[in-house]
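The next block holds one structure in the form of structure tokens; read it before the comments.
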2 protein chains.
Amino acid sequence: MVDDDTGAKPPTIYDVAAACGVAPSTVSRAFSRPGRVAAATAARIHEVAEQMGYRSNPFAQALQGSRTKLVALVASDLTNPFFFEIIRGAERAAAEQDYTLLVADVNESTEVERQALDRTAGIVEGIVLATSRLSDTSIRAIARRQPAVVLNRVVTDVPSVVTDNGRGMRRAVEHLAELDHRTITYLAGPEASWADGMRWRAAQEAGHELGLRVRRLGPFAPTIDGGRAAARAFAEARTTAVVAYNDLIAIGFMQTVQSWGVAVPGDVSVVGFDDIFGADFCSPALTTVAAPLAALGKHAVTMLVEQLSTVGLRGARTVVPRRPALLPAALRVRESTGPRPRRQRAWTPTPPAG
Amino acid sequence: MVDDDTGAKPPTIYDVAAACGVAPSTVSRAFSRPGRVAAATAARIHEVAEQMGYRSNPFAQALQGSRTKLVALVASDLTNPFFFEIIRGAERAAAEQDYTLLVADVNESTEVERQALDRTAGIVEGIVLATSRLSDTSIRAIARRQPAVVLNRVVTDVPSVVTDNGRGMRRAVEHLAELDHRTITYLAGPEASWADGMRWRAAQEAGHELGLRVRRLGPFAPTIDGGRAAARAFAEARTTAVVAYNDLIAIGFMQTVQSWGVAVPGDVSVVGFDDIFGADFCSPALTTVAAPLAALGKHAVTMLVEQLSTVGLRGARTVVPRRPALLPAALRVRESTGPRPRRQRAWTPTPPAG
DNA sequence: TTGAAAGCGCTAACAA
DNA sequence: TTGTTAGCGCTTTCAA
């Protein structure tokens with residue numbers, strides 16, 4: 001009984017070999033080491049393989065130690081436009097180095113993140129953890145098993161790439177100071193967020209140095225809805241200027257106070273953070289600290305691939321953690337900031353008539 | 001010479017077995033079939049494995065026929081907010097069915113798309129092709145090798161999930177007709193786009209039935225920049241209403257004509273398509289045909305997983321192509337549409353002073 | 001240039 | 001309950 005096309009199983013090199021009347025190893029060579037097979041034989045093999053619909057089994061190949069040329073980027077929530085340019089940059093860098101980038105959205109769930117990591121870890125050659133919700137310890141454990149880079153967060157002993165939040169925030173506060181604002185409110189992001197800590201601290205420091213009072217409101221979800229909540233909280237304790245943890249909060253905040261008849265920047269100036277998609281076409285266009293999004297992604301993947309070229313696939317651990325790569329942020333002044341109003345207009349957090 | 005921790009290679013079941021003084025198969029069982037091993041033995045094995053840092057090799061497991069529980073979604077350009085909700089929906093559906101979704105951004109490049117598919121195909125159990133740039137033939141070839149679903153496009157003999165563009169466009173034209181517009185311009189998307197063909201045809205049909213003239217301008221890139229180009233073309237041949245291939249074009253168009261001093265919707269009404277992130281906070285908020293984004297993603301993954309549960313991992317081909325799943329679109333009326341102006345104001349495509 | 005044979009790490013019979 | 005023995009599909013020596 002010949003095991004020809006008995007089942008629906010895909011053909012293997014054995015099937016191809018049989019059909020060609022050559023040894024399996026020859027078929028293998030015809031694909032992986034074309035030079036080491038007679039031209040005529042190789043041609044025949046390729047042809048037969050083609051029309052049998054032969055596809056090499058990547059698992060069997062990987063078992064032999066061949067590389068998958070895959071790297072993964074695990075993102076906490078792809079729905080957040082913050083990731084757009086990061087992924088774009090990462091994708092570009094990967095493609096340039098002949099890697100394929102696989103992105104996993106873990107939907108802000110530690111559970112799903114673990115799962116994704118488990119299923120993916122052994123398959124990809126390296127991992128970028130972007131805004132991971134995992135504990136530092138878990139992240140270190142992952143990095144111990146395989147090359148990894150953290151993005152937008154600093155974890156001791158793991159290579160990381162972050163925005164220079166300090167400088168960025170400093171620029172924002174300077175800008176507001178120049179517009180003569182005296183007190184600013186920081187609309188905080190999630191407490192678990194590493195970036196939030198950095199930004200809040202930087203705001204305080206900058207305020208201190210420039211003689212501004214800096215208050216903190218929050219935490220709020222890093223979303224447009226979070227911004228709406230922030231607006232409600234802000235109504236209780238107003239200032240002439242606001243710096244939000246991120247653009248989404250800033251946009252939600254603006255939307256809401258504007259719906260109450262508050263003028264931006266007439267009554268309150270608002271500064272966002274990140275310069276995500278949409279920051280330029282919301283109304284008014286948002287002044288924001290532009291994170292080097294594409295550069296972050298690009299840098300992370302480049303660091304990762306650098307390690308991969310050094311070490312082998314499996315059994316490779318993350319290499320010599322250097323100090324975090326700090327990528328520069330730039331203040332993008334648009335229309336949501338203006339001079340401190342002489343006298344604050346009265347307004348109430350209820351929608352105006354009409 | 002004991003092959004203990006001689007190299008940096010990760011430990012295998014053999015190492016664990018040796019360290020525990022049991023047979024390799026027992027170690028294997030301890031992990032895959034816990035019930036079939038004495039509790040004490042299992043505990044010891046797990047402990048030893050844990051502290052040796054043992055991780056099962058997914059390739060070896062897959063070679064035995066175990067499932068990877070991975071599905072891939074290949075997107076033409078993740079930077080396009082169109083994909084946000086799609087991915088979110090897909091991710092949810094995958095998680096619900098205990099699958100992990102891997103997203104590959106192919107950056108609008110057929111080359112990269114091929115590459116990604118090659119590297120990924122054998123590893124994931126099924127593939128969602130979202131807005132693929134591949135030819136119908138290539139797609140059919142892929143589907144023949146492995147379960148696949150096309151999203152936002154119809155390919156004969158391959159299961160597909162699409163927006164009901166016809167109904168959606170119909171609603172948009174009706175809306176414009178009710179506002180008394182007589183002639184509308186369709187700002188076309190990429191020629192290669194399946195959706196563009198559908199939308200343009202539907203616009204014509206609806207116009208015909210409702211007694212409106214419908215013109216076509218384009219093709220334009222499906223981006224904000226494309227919208228800017230559309231505005232320049234529109235300046236040469238104006239109408240009181242415009243329907244764009246997608247929201248990005250609509251937003252770019254609005255931005256540009258507004259910078260020329262044209263009022264939206266005062267001078268021209270604009271309708272977008274898709275209801276992407278940002279459509280509600282651009283200025284004016286965009287009236288648009290909301291594609292069932294999340295539902296599309298969810299549906300596609302669900303269809304895929306359905307097939308997977310039927311058939312085995314490798315050697316499974318895409319099953320019985322049914323007719324495309326048509327998901328309903330809804331018109332979202334916001335602020336960018338209004339009644340036809342009595343007389344069109346004069347304007348020129350140069351930025352107004354000031 | 002080609003064939004034969006030995007694994008890669010794991011699982012699945014089949015015995016013991 | 002545990003050990004033994006074959007492979008999964010492929011690559012890679014080592015001979016021929």
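From a predicted model like this one, the values you see are computed outputs, not experimental measurements. Each chain gets a letter, A, B and so on, in the order the sequences are listed, and its residues count up from 1.
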Given DNA chain D, 5'-ward residue of the pair Ala39(B) and Ala60(B), judged by closest heavy atom: Ala39(B)
Which residue lies more 5' along DNA chain D, comparing Val22(B) with Gln64(B) via nearest heavy atoms: Val22(B)
Euclidean distance, atom [atom1] of residue [X] to atom [atom2] of [N] [Å, nearest integer]:
| X | N | atom1 | atom2 | value |
| --- | --- | --- | --- | --- |
| Ile13(A) | dG7(D) | CD1 | P | 16 Å |
| Leu63(A) | dC8(D) | CG | P | 13 Å |
| Arg55(A) | dG9(D) | CZ | P | 16 Å |
| Gln61(B) | dC8(D) | CD | C1' | 13 Å |
| Ile45(B) | dT2(D) | CD1 | C1' | 10 Å |
| Phe59(B) | dC10(D) | CZ | C1' | 13 Å |
| Asn57(B) | dG9(C) | CG | C1' | 6 Å |
| Arg36(B) | dA16(C) | CZ | P | 19 Å |

Across the strands shown, which category fits [X] at heavy-atom distances under 4.0 angstrom: base, sugar-phosphate, nothing?
| X | result |
| --- | --- |
| Arg29(B) | base |
| Ser28(B) | base |
| Ser25(B) | base |
| Tyr54(A) | sugar-phosphate |
| Thr12(A) | sugar-phosphate |

Heavy-atom side-chain proximity of Thr41(B) to Val22(B) below 4.5 angstrom: yes
Geometric class of the Phe31(B)/Tyr54(B) ring pair [parallel <30°, tilted 30-60°, perpendicular >60°]: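 Tilted: the ring planes of Tyr54(B) and Phe31(B) meet at 30° to 60°.
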Ser32(A), nearest nucleotide to its side chain (from dC8(C), dT11(D), dG3(C)): dT11(D)
Among dG9(D), dT2(C), dT2(D), the nucleotide that comes nearest once only the side chain of Tyr14(A) is considered: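 Closest of the options to the side chain of Tyr14(A): dG9(D).
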Heavy-atom pair with the smallest gap, counting every atom of Gly126(A) and Leu304(A):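 Looks like C-CD2, 3.6 Å.
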Pair Ser135(A)-Arg140(A), side-chain donor/acceptor within less than 3.5 Å: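 No pair is found: no donor N or O on one side chain lies under 3.5 Å from an acceptor on the other.
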Phosphate OP1/OP2 of dT2(C) contacted by Thr41(A) side-chain N/O (<4.0 Å): yes
Ion pair check, Asp157(B) and Arg144(B), cut-off under 4.0 Å: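 So Asp157(B) does not pair with Arg144(B) through a salt bridge.
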